[in-house]
Amino acid sequence: MAGSSLTSGTAALAAFNAAPGDVAAADVAACCAARAFVQQIVAGRPYADLGAVSAAVNTAFARLDDDGLAEAVAAHPRIGEPAASGWSRDEQAGAMDATDDVSRALAEGNAAYQRRFGQVFLICASGLSADQLLAALRARLDNDAAAERRIAAEELRKITQLRIRKLLGA
């Protein structure tokens, strides 16, 4: 369904609700790679409307443990590096327009972040410029591990909400 030509949110939601479990799971995994999240969203079908799906996403995120969050974060490319999926590429469009200096600084910041926190720097990059992404990365390097875990989880939730809406044609 992620590559489907459905344009209506209602039609896309109906197709998602009716899809075989493995198809729905693959579509949800493209939005968030945490297996526990995928299982919970797929098991919650059928959804009455997009609001119900959004609420289910929030509930599933609230239940994710550190391992689930790590699993989801690990599926994301670094900011400013070539993205594996169309959604990541679109979401990071601002980083792709970076000057050479900003691109180098993002690469250095990504490496420092990964050394400090053991994962890729995750931010809901949609609509942000390369300079804004770099500023956020630098600011977050000063966080303690617990604060950064909360922030990264919230950024992941926002990314997932955006992707679920795209998946369901909203």
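The first residue of the sequence shown is numbered 1, and numbering continues consecutively from there. Everything numeric in this text was worked out from a predicted model, so none of it was measured.
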Main-chain N/O of V73 paired with Q119 side-chain donor or acceptor, under 3.5 Å: no
Note, F61 side chain near N58 side chain (heavy atom, < 4.5 Å): no
Under 3.5 Å donor-acceptor, R157 side chain and A152 backbone: no
Nearest non-hydrogen partners of N143 and E148, listed with the distance: ND2-OE1, 2.7 Å
Side-chain (T160) to main-chain (L156) donor-acceptor, under 3.5 angstrom: yes
4.5 Å side-chain heavy-atom contact, R165 and L50: no
Student check: side-chain heavy atoms of Q114 and F121 closer than 4.5 Å: no
V102 side chain reached by D131 side chain, heavy atoms, under 4.5 Å: yes
Main-chain N/O of S129 paired to Q132 side chain as donor or acceptor, under 3.5 Å: yes
Residue from R45, Q39, Q40 passing side-chain contact (heavy atoms from CB on, under 4.5 Å) with V42: R45
Least distance between heavy atoms, L162 atom then C124 atom: CD1-SG, 3.4 Å
Where A19 and V23 come nearest, the two heavy atoms and their spacing: CB-CG1, 4.2 Å
Aromatic ring pairing F16/Y47, orientation class (parallel under 30°, perpendicular over 60°, tilted between): parallel
Nearest heavy-atom neighbours spanning A125 and L133: CB-CD2, 3.7 Å
Within one Ile-Leu-Val-Met-Phe-Trp-Tyr cluster: V57 and I151, side-chain cutoff 4.5 Å: no
Closest contact, heavy atoms only, V28 versus F37: CG1-CE2, 3.7 Å
Nearest-0.5 Å distance that lies between atom SG in C32 and atom CZ in R163: 9.0 Å
Residue pair L141 / R116: nearest heavy atoms and the distance that separates them: O-NE, 2.8 Å
Same cluster (ILVMFWY, side-chain, under 4.5 Å), I159 and V120: yes
